[in-house]
Amino acid sequence: MATSILDQFKENQEVKTIDTTKKLKVGIIGTGWIADAHITEYKKMPDVEIVAGADLTLGKAEAFFKKWEMEGVRCYPDHKSMLDAEDLDAVSICTYNMTHAECAVYALEKGVNVLLEKPMCVTTKEAAEICRAEKKSGKIISIGFQPRLDPNMQMIKKIVKSGELGKVYYIQTGGGRRRGIPTPFGTTFIEKETGGIGALGDIGCYSLDMVLNAVGYPKPLTVSGYKSAFFGTRPDYYPTHPEYAAKFGVDDFAAAFIRLEGDIILDFRIAWAMNMDTPGDTIILGTKGGLRIPSTECWNGSVGGPMKIYHEVAGEQVETEIPILPPSKEGLFYDKIRSFLDAVKENGAAPVPTSQIIYNQAILDGIVKSAEQGREIEIQIPEI
């Protein structure tokens, strides 16, 4: 019986051939640590030519491309000067959160396709500005949610879409780290002026996308949110850099109760630091069955173990285990960039569209606003 249930989720994987007759000219905006992941994958792609890079820190872009042994890449002191001077097909935006919107909007206005690292931005207003610029430009912008490409994540959506769970009415999701405030690369993640939001934007956006994508991205209606910073503001948290505590201006823990269209309740929690190993597994409850998705120690783009469907067969309560599926040979980050480039070359749809992620951003922004006001608030999605 379990085998027949699992068979319905199988599908053939198409192997695509890369067309190398036309090379895409690509620029990188922001040459911090996440840019290393982008250039690692770009260098594997025979149809890509990295021609330009920009960073606000003097000499940083030059040092970045020298480290990667890439000669002839033109470097600029900011995104505007690069986009004004270069004829680009696409850019990777790898800057800190607070500049995501301005870089994305300007690139789109210049007629350049955009791969924008997560989170999309910081506020719902910024998300709407990005969507409007995208609509006006006719170009593609995809948000950097590589977990979407993980076959285990895709399985979650297949299970929900199959009807095996019935009508979904309650979702519990989240994730976190016992101790994992991201400061090995400096303080841009934790300062309000650069990060804007903390654990919410860094890993909370991933957790939300996992379940919202599975249930078809229903519109968020209301949110009652909470956020705190009990760990990030402690000097003793940073033994070698106690001064970081005074710079900490974002959330290191957040929780929320969100009402979605379709009469779905979303119970959410996320942490950079907490006195617990996990805030709990993700569960999706439906009228016919429930799905348990084991948590991970630290968000890594997949699931923490085999998933289980809890349902009834012939009047008996049974569990069907969903085996862990292997990732692609190239890896999730490669798949993220490749799917974006394919969409650019084929004039296709964005792999992770802003029309969905604006809802994700509105929830994050709503949690912040609700926490600050100390009450439930209505989530407003601007007209695009």
Side-chain angles (χ1 to χ4, degrees), residues 1-2 5-6 8-9 145 147-148 150-178 199-200 203-226 253-271 274-313 316-325 356 359-360 363-364 366-367:
M1 179 62 72
I5 291 171
L6 294 178
Q8 67 180 297
F9 305 124
F145 284 43
R148 283 271 191 110
D150 179 75
N152 299 289
M153 294 295 178
Q154 293 171 350
M155 177 64 77
I156 297 169
K157 185 170 184 176
K158 291 176 190 175
I159 290 169
V160 173
K161 193 173 180 181
S162 74
E164 191 67 34
L165 304 183
K167 173 189 160 33
V168 171
Y169 59 88
Y170 174 85
I171 300 169
Q172 171 186 297
T173 196
R177 309 161 183 162
R178 189 167 182 175
L200 274 169
I203 52 178
C205 64
Y206 279 150
S207 183
L208 287 172
D209 187 67
M210 174 174 65
V211 293
L212 292 173
N213 185 49
V215 297
Y217 254 100
K219 183 179 179 181
L221 303 175
T222 65
V223 59
S224 181
Y226 168 86
F253 176 83
F257 194 76
I258 305 138
R259 296 183 184 277
L260 306 171
E261 271 190 348
D263 198 23
I264 301 173
I265 296 300
L266 175 56
D267 185 358
F268 167 77
R269 70 297 300 264
I270 202 77
M274 58 183 169
N275 290 319
M276 190 61 63
D277 58 344
T278 173
D281 293 344
T282 290
I283 61 173
I284 302 176
L285 294 182
T287 54
K288 290 172 59 180
L291 177 66
R292 181 182 296 278
I293 305 159
S295 64
T296 58
E297 289 185 9
C298 173
W299 188 271
N300 62 5
S302 189
V303 299
M307 299 181 286
K308 278 188 179 181
I309 301 175
Y310 294 78
H311 52 151
E312 293 184 6
V313 175
E316 297 294 328
Q317 296 180 12
V318 299
E319 292 85 50
T320 300
E321 184 172 289
I322 311 297
I324 290 289
L325 299 170
Q356 294 178 347
Y359 287 177
N360 188 304
I363 291 173
L364 298 177
I367 293 170

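Distance CD1/Ile159 to CD1/Ile309: 4.0 Å, rounded to 0.5 Å. To the nearest 0.5 Å, atoms CD (Gln172) and CZ (Arg292) are separated by 8.0 Å. A distance of 7.5 Å separates OG1 in Thr173 from CD1 in Ile270, rounded to the nearest 0.5 Å. With rounding to the nearest 0.5 angstrom, the CD1 atom of Ile367 is 13.0 Å from the OH atom of Tyr226. With values rounded to the nearest 0.5 angstrom, Asn152 atom CG is found 4.5 Å from Leu325 atom CG.
For Gln356, the side-chain hydrogen bond (donor to acceptor under 3.5 Å, both in side chains) partners at least two apart in sequence or on another chain are Arg148. Scanning for side-chain hydrogen bond (donor to acceptor under 3.5 Å, both in side chains) contacts around Ser224 gives an empty result, with sequence neighbours left out. In this structure Asn275 satisfies the side chain to side chain contact (heavy atoms under 4.5 Å, CB included) test together with Arg179, Phe231, sequence neighbours excluded. Listed by chain and number, the residues in a side chain to side chain contact (heavy atoms under 4.5 Å, CB included) with Met307 are Met155, Ile156, Leu291, Ile293, Pro294, Val303, Ile322 (sequence neighbours excluded). Here Phe145 pairs with Tyr206 under the ring pair (Phe, Tyr, Trp, His ring centres under 6.0 Å) rule; sequence neighbours left out.
Between Phe268 and Ile363 the shortest side-chain heavy-atom distance does not fall below 4.5 Å.
Listed by first and then second residue, the side-chain hydrogen bond (donor to acceptor under 3.5 Å, both in side chains) pairs that reach into residues 257-270 are Tyr170-Asp267, Asp267-Arg269, sequence neighbours excluded.
Nearest approach of Ile264 to Pro218, heavy atoms of both residues: CD1-CG, 4.4 Å. Across all non-hydrogen atoms, the minimal contact from Leu364 to Leu200 is CD2-O, 3.4 Å. Heavy-atom minimum distance, Pro279 versus Gly174: CG-C, 4.5 Å. Summarising the geometry of Tyr359 relative to Pro220, their closest heavy-atom pair is CG-CD, 3.7 Å, with the distance given to 0.1 Å. The heavy-atom pair separating Phe253 from Ala271 by the smallest distance is CD1-CB, 3.6 Å. Residues Gly304 and Thr296 share a closest heavy-atom pair of N-CG2, 3.5 Å.
Remark: of the listed residues Ser302, Pro306, Pro151, Pro306 is the sole one forming a side-chain contact (heavy atoms from CB on, under 4.5 Å) with Ile324. With His311 as the partner, the side-chain contact (heavy atoms from CB on, under 4.5 Å) test is satisfied by one option alone out of Lys288, Gln317, Glu164, Glu319: Glu164.
Around NZ of Lys161, the count of heavy atoms belonging to other residues, nucleotides or ligands within 6.0 Å does not exceed 12.
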- What do the steps show when you test Tyr217 against Asp209 for side chain to side chain contact (heavy atoms under 4.5 Å, CB included), and what is the final call? CA-CA 8 Å; Tyr217 254 100; Asp209 187 67; 2.7 Å; yes

